[in-house]
Amino acid sequence: MDFKIRLSPPHMSGNELKYVQKALETNWVAPAGKNIDEFEKDIEAYLGGQLHVTALSSGTAAIHLALVLAGVKPGDEVICQSLTFAASAFPILYQGANPIFIDSEQETWNMCPILLEDAIKDRIESGKKPKAIILVHIFGMPGKIDDIVAVSKKYNIPIVEDAAEALGSRYKGQKCGTFGDYGVVSFNGNKIITTSGGGALTTKSEIEKDKAIFLSTQAKDKASWYQHSQLGYNYRMSNISAGIGRGQMEVLDLYVNKRRENHQFYTQLFQPYDFIHVFSEPSIEFHSNHWLSCIQFSDNKSNKTALGLYEALRKNKMESKPVWKPLHLQPVFEDRPFYGSKISETIFEKGLCLPSGSNLSETEKETIAQVVLKYLDSCHSERNVV
Ligand SMILES: *Cc1c(COP(=O)(O)O)cnc(C)c1O
């Protein structure tokens, strides 16, 4: 499908070329160089706090390295929220470990802290304490961080904070990606900023950062020849990609504002329809970058559904997407333990992500509004059924 309006397309600032050009001119085109160093510093300054950032080839690679650094071994159990992109949990399988999935709570759509504690108690009782907790801030919405951190501390299980979708989001004023023992952001093409493909890992110490760089560059021991005493990975970001990232960091806050404006637009658009809930912050403690604006339908007389709106938009070359299908329902994770009920499943069945790019124009918003209203106001079909 050739969409005229895409869900979340890349949005260049215009300054990327300057940094990429410099890399090419100086022949620093490999996974080393000034752009990487400066990009890492930019992210550290942006996130604030005592953090060390390692630029990597993807967010998925960052989650994998976080699990390696947390000491996750084959046969270990790792807890992950079910309502998320598969990349949150794939690295658990890369490690030969076993995922344990947790349902969401309805307010933030993220991991339910109560079910998290239930699951931990149950796993400990059955003889195995989970090795890590993967917490996600879905669509940019911060999860119930205080409650989850409290559980993590109580049982002394480290948190890998998957903030791939939440760069620029805040919880109680603090940036997402800084709460976990390890933090992950993504610069994939559909994320709030992009390096064409890339990610970063945040760690609390310089020692862990050095370890992350060592592991991401094939774990070469200090020797004149190629000597390896540990399993390594080729996960480092290239200096070209990091150049794109430096240009993108200059506009990150602007893009957060643009995405938040999109959310405002949808809030107003759907306001008259009481069977549509626009996914929004539960209180002022939560500040979402609104990476994607989402809605959830409830049952209604006129039989309007998420899938119906999806079709109406698609026919008009506008891209929307169902909410992530929960991982406990995915064939690749079949028969994995799941703690919860139907919250994430219902959000999946009744939810829809709407066009949310930071480059969405006013004219495009108007055409989206026309299509949405036409679909919803053909509501009165039941009257025609005699
Ligand atoms: C995009 C994404 C990832 C993976 O990031 P990549 O850079 O695409 O590898 C992981 N988790 C979530 C929640 C994501 O949305």
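Counting convention: from 1, in listed order, for ligands and their atoms alike.
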Does ligand 1 have a heavy atom under 4.0 Å from the side chain of T60, from its backbone, from both, or from neither? both
How does S58 reach ligand 1, by side chain, by backbone, by both or by neither, if only non-hydrogen atoms under 4.0 Å count? both
Please confirm whether [X] comes within less than 3.5 Å of ligand 1 when only nitrogen or oxygen atoms on both sides are compared.
X    : result
A87  : no
K191 : yes
N190 : no

Atoms of ligand 1 less than 4.0 Å from [X] heavy atoms?
X    : value
N188 : 7 (O), 8 (O)
A164 : 2 (C), 3 (C), 10 (C), 11 (N), 12 (C), 14 (C)
T84  : 13 (C)

Residues [X], [Y]: salt bridge by 4.0 Å N-O rule:
X    : Y    : value
E38  : K41  : yes
K211 : E208 : no
R260 : E281 : yes

Out of curiosity, is G198 lining ligand 1, as in a heavy atom under 4.0 Å away? yes
Within the structure, is a non-hydrogen atom of G199 found at a distance of less than 4.0 Å from ligand 1? no
Would you indicate whether the side-chain heavy atoms of N98 and I92 approach each other to under 4.5 Å? no
Flag the pair D299 / F275 as yes when at least one side-chain heavy-atom distance between them is below 4.5 Å, and no otherwise. no
Q264: side chain to side chain donor-acceptor pair (under 3.5 Å) partners, not counting sequence neighbours: none
Run the side chain to side chain donor-acceptor pair (under 3.5 Å) test on R246 and N35 for me, step by step, so that the C-alpha distance in whole Å, both residues' side-chain angles and the decisive distance to 0.1 Å come before the verdict. CA-CA 7 Å; R246 288 179 76 188; N35 282 337; 2.8 Å; yes
Which residue owns the protein heavy atom closest to [atom], what's the atom, and how far is it?
atom                    : answer
atom 5 (O) of ligand 1  : S186 OG, 3.3 Å
atom 15 (O) of ligand 1 : E165 OE2, 2.5 Å
atom 11 (N) of ligand 1 : D162 OD2, 2.7 Å

Exercise: identify the closest heavy-atom pair between G197 and S241: O-OG, 4.2 Å
Per side-chain contact (heavy atoms from CB on, under 4.5 Å), F279 is matched among M141, Q296, E107 by M141
